[in-house]
Amino acid sequence: MKNVIFAFTIIFLASSCSQNNSTFDLPENQGVSSDRLDRIDSYLNKAIKENQIPGAIALIRRNNKIIYNKAFGYSDVENKIKNSTDDIFRIASMTKAVTSLAILMLWEEGKFNLDDPIEKYIPEFKNLKILTDFNETDSTYLSKPANNKISIRHLLTHTSGIGYGVIDEDARFKALYKKHGIVDLFTTDSINIKSNVKKLAQLPLHHEPGEAFTYGESLDVLGYFIEIISQKSLDVFFKERIFDPLEMKDTYFYLPTTHQDRLVPVQTKKDGFWTKYQGDFYDTNYPKKGAQTFLSGGAGLSSTTADYSNFLQMFLNKGSYNGKQILGKKTAELVYINQNSHIPNSSIGLAFGLISEKDQSIGGLGSVGTITWGGYFNTFYFADPVENVIGIVFKQTQEIDEENTSINFKSLVFQSLIK
C-alpha cells in the first residue's frame, strides 16, 4: 500500500510541475512533513467552506524542489469552474520585483549608478516640488522646491516621494493624479508608460526624496527608465533577459490568445455569493483586451505560481538558475540588506520587503532576511534564504472582507519544516 501511495504522489507532483519543467520531490526528502502539510489542505478547504475565499493555488518549493503544488476551490464560482495549478493570475505589485531585477541587471553592466539622480536620464524630473497646500474644490495646490533629487535607489526602495493616484492613502494625491490624467496600475486605453511618467514628473511629491516610505508609481518610473537604458520595450526586455532564462513560460503583460482561457477572473462577494468583479477605475480584463500598450513596471504582469517560484528561486540560488547566471553573487546578496534602516518600521531591500529581527520575533514570518510581497488582487509570496524555502499562494479577489489566508499559509509552511 505504501508503494502505491508513493507512486501516486510522484505522478501527482510530476503532473503538477510539468508546466515549467521544475524539479520536484517528496516533502520528507527535503526536510518537510507530509502530515504537517496536510494542515494547509485542511485550512484552505475550511476557508473556502466558510466563504472567506473562492479558491486558491498554493505552492511550496524547498532546496529547489517543488514539494507541494495544489489547487483549491473555484476560479469561477458562478460557472463552477475549478482552480487548476496552471491557472494564470494578475500578480499586480508582484511585478515590482521583476522590474527591480531588471534594474540590478543593467546596473551590473555599468550602465548607471544606483545613486544617480533619475533626472540625468529623464530630464522631466528636474525642479522637483513638495506638496504644501491643496484646494479640495478644484485640485489646485501650492508647493515648495525639494532639497533632494530622486535617485534610482529611492525609486527601488519606495522613498522617492512619488505616490499612487486612485489607491493612494492621501486623498489629495488621488484628486491631483486624477485631474492630470495619471494612470495607476493598468489600463485598456491607448496609453504608454513614457507619456504617463513624463506627466507624473511634473507633479509634486509627498515628501523629500529619501526621507520616508511612500508606496506609489516609483517602479513604473523605473520601467520607463529600463526602456531608455536598454533601448527595448519593457515587455521585450523582460522576455529576453528574465522570462526566457528563468523558464517563465506563462508570464506576460498581455496574454497571447493561447493563454487567455487560463486567466482566473477577479471575484468579489455580493449578498454572500461570489460573482465576477468589475473594476471601478480599470477593466479587469486588461491582460487580454484593449489597446495593450501600457507596460506597468509596478503592476502589469500576469503569471502562475510555478513561474514565479522560478523567479524567486534564482535569488535563493545567489543569482543563478539552471546553470544560467542572471545576477552576480554579491548583487544577489545585496537584495537581502535593508536599504531603509533610517526610516522607522521600513525594512526594504532593493527588490522586496524584508523580514527584520523584530518581525522574526513575532513568529511564523520566517528568518531574518526573508523576502516577501503581495499583489492588489490577493496574491502573495515569500522566500526564506536561511531555510531555502519558497511559499506562494494565489487568489484573485477584490473588495471582500478582511481574510488572513496568505499570512496563515506562511505560518503553516514554516510549521511543516522538520529538518
Evaluate side-chain contact (heavy atoms from CB on, under 4.5 Å) for Glu403 paired with Lys395, printing each intermediate quantity in order.
CA-CA 11 Å; Glu403 57 91 5; Lys395 297 152 284 180; 3.2 Å; yes
Test salt bridge (Lys or Arg N to Asp or Glu O under 4.0 Å) on Glu208 and Lys144; report intermediate values, then the result.
CA-CA 10 Å; Glu208 283 286 345; Lys144 64 178 181 180; 5.7 Å; no
Steps toward side-chain contact (heavy atoms from CB on, under 4.5 Å) verdict (Tyr43, Leu412)
CA-CA 9 Å; Tyr43 174 72; Leu412 286 165; 3.7 Å; yes
Starting from the C-alpha separation in whole Å, work towards a yes-or-no answer on salt bridge (Lys or Arg N to Asp or Glu O under 4.0 Å) for Lys249 and Asp244.
CA-CA 7 Å; Lys249 300 176 182 178; Asp244 286 350; over 6 Å; no
Go through the steps for Tyr336 and Phe315 under the test side-chain contact (heavy atoms from CB on, under 4.5 Å), then give the verdict.
CA-CA 10 Å; Tyr336 301 102; Phe315 287 96; 3.7 Å; yes
Determine whether Ile390 and Ile60 satisfy the following criterion, side-chain contact (heavy atoms from CB on, under 4.5 Å), listing intermediate values before the conclusion.
CA-CA 6 Å; Ile390 291 166; Ile60 304 169; over 6 Å; no
Yes or no on side-chain hydrogen bond (donor to acceptor under 3.5 Å, both in side chains) for Asp307 and Tyr252, after CA distance, side-chain angles and deciding distance?
CA-CA 11 Å; Asp307 269 18; Tyr252 297 89; over 6 Å; no
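In this structure, Phe186 has its ring center under 6.0 Å from that of Phe377. For Phe311 and Tyr321, the distance between ring centers is not under 6.0 angstrom.
In plain terms, the two heavy atoms of Pro54 and Thr397 that are nearest each other are CD-CG2, 3.6 Å. Across all their heavy atoms, Ser100 and Leu219 have their closest contact at OG-CD1, 3.6 Å. Residues His342 and Gly210 come closest through the heavy atom pair NE2-O, 2.9 Å. Pairing each heavy atom of Leu37 with each of Pro27, the nearest pair is CD1-CG, 3.6 Å. Minimum interatomic distance between Asn338 and Leu354 (heavy atoms only, all atoms of both residues): N-CD1, 3.6 Å.
Side chains of Trp107 and Asn113: no donor on one and acceptor on the other come within 3.5 Å. Under the 3.5 Å distance criterion, with hydrogens and angles disregarded, no donor-acceptor pair is assigned to the side chains of Ser302 and Lys288. Defined by atom type and a distance below 3.5 Å, a donor-acceptor pair is present between the side-chain atoms of Glu78 and Thr275. The closest side-chain donor-acceptor pair between Ser356 and Ser347, if any, does not fall under 3.5 angstrom. Using modelled atom types, one finds a donor on one side chain and an acceptor on the other under 3.5 Å when comparing Asn322 with Glu247. Between the side chains of Ser93 and Lys96, at least one donor-acceptor pair of N or O atoms lies under 3.5 Å. No hydrogens or angles considered: nothing links the side chains of Asp250 and Tyr308 as a donor-acceptor pair under 3.5 Å. The closest side-chain donor-acceptor pair between His158 and Asn340, if any, does not fall under 3.5 angstrom. In this model, no donor atom of one side chain and acceptor atom of the other lie less than 3.5 Å apart for Asn29 and Arg62.
When the shell of 6.0 Å around CZ of Phe273 is examined, it contains 12 or fewer heavy atoms from other residues, nucleotides or ligands. For NZ of Lys324, the number of neighbouring non-hydrogen atoms (other residues, nucleotides, ligands) closer than 6.0 Å is greater than 12. Other residues, nucleotides and ligands contribute only 12 or fewer heavy atoms inside 6.0 Å of the CG atom of Asn345. For NZ of Lys239, the number of neighbouring non-hydrogen atoms (other residues, nucleotides, ligands) closer than 6.0 Å is 12 at most. Within a 6.0 Å radius of CD in Glu169, other residues, nucleotides and ligands contribute 12 heavy atoms or fewer. More than 12 heavy atoms of other residues, nucleotides or ligands shown are found within 6.0 angstrom of CG on Asp283.
Qualifying salt bridge (charged side-chain N to carboxylate O under 4.0 Å, His left out) partners for Lys111, counting only residues two or more places apart in sequence or in other chains: Glu109. Looking at residues two or more places apart in sequence or on another chain, you find a side chain to side chain contact (heavy atoms under 4.5 Å, CB included) between Asp35 and Ser33, Asp38. By the salt bridge (charged side-chain N to carboxylate O under 4.0 Å, His left out) test, Asp359 pairs with no residue at all, sequence neighbours left out. Residues satisfying the salt bridge (charged side-chain N to carboxylate O under 4.0 Å, His left out) criterion with Lys199, sequence neighbours excluded, are absent altogether. The side chain to side chain contact (heavy atoms under 4.5 Å, CB included) check on Asp271 picks up nothing, with sequence neighbours excluded. With sequence neighbours excluded, the residues satisfying side chain to side chain contact (heavy atoms under 4.5 Å, CB included) with Glu50 are Lys46, Gln52. Residues forming a salt bridge (charged side-chain N to carboxylate O under 4.0 Å, His left out) with Lys149 (at least two apart in sequence, or on another chain): Glu119. In terms of the ring-ring contact (aromatic ring centres under 6.0 Å, His included) criterion, Tyr254 has no residue partners (sequence neighbours excluded). With sequence neighbours excluded, the residues satisfying ring-ring contact (aromatic ring centres under 6.0 Å, His included) with Phe253 are Phe238. The side chain to side chain contact (heavy atoms under 4.5 Å, CB included) search around Ile118 returns Ile122, Phe125, Ile150, Ile152, Leu155, Val221, Phe225, not counting sequence neighbours.
Considering Tyr215, Phe380, Tyr381 in turn, Tyr215 is the only one that fulfils the ring-ring contact (aromatic ring centres under 6.0 Å, His included) rule with Trp373.
Summarising the geometry, atom CG belonging to Asn148 is positioned 11.0 Å from atom NE2 belonging to His207; distances are rounded to the nearest 0.5 Å. Here the CG atom belonging to Leu327 is positioned 10.0 Å from the CG atom belonging to Leu334, to the nearest 0.5 angstrom. Rounded to the nearest 0.5 angstrom, Ile326 CD1 and Glu108 CD are separated by 10.0 Å. Note that CG of Asp87 is 10.5 Å distant from CG of Asp76, once rounded to the nearest 0.5 Å. Between the CG atom in Leu312 and the OG1 atom in Thr305 there is a gap of 11.0 Å [rounded to 0.5 Å].
Applying the salt bridge (charged side-chain N to carboxylate O under 4.0 Å, His left out) definition to pairs two or more places apart or across chains, those involving residues 333-347 are Lys329-Glu333, Lys330-Glu333. For the ring-ring contact (aromatic ring centres under 6.0 Å, His included) condition, the pairs that include at least one residue of residues 389-419, sequence neighbours left out, are Phe89-Phe394, Phe382-Phe414.
Taking the six-membered ring for Trp and thresholds of 30 and 60 degrees, Tyr121 and Phe112 have ring planes more than 60 degrees apart, a perpendicular arrangement.
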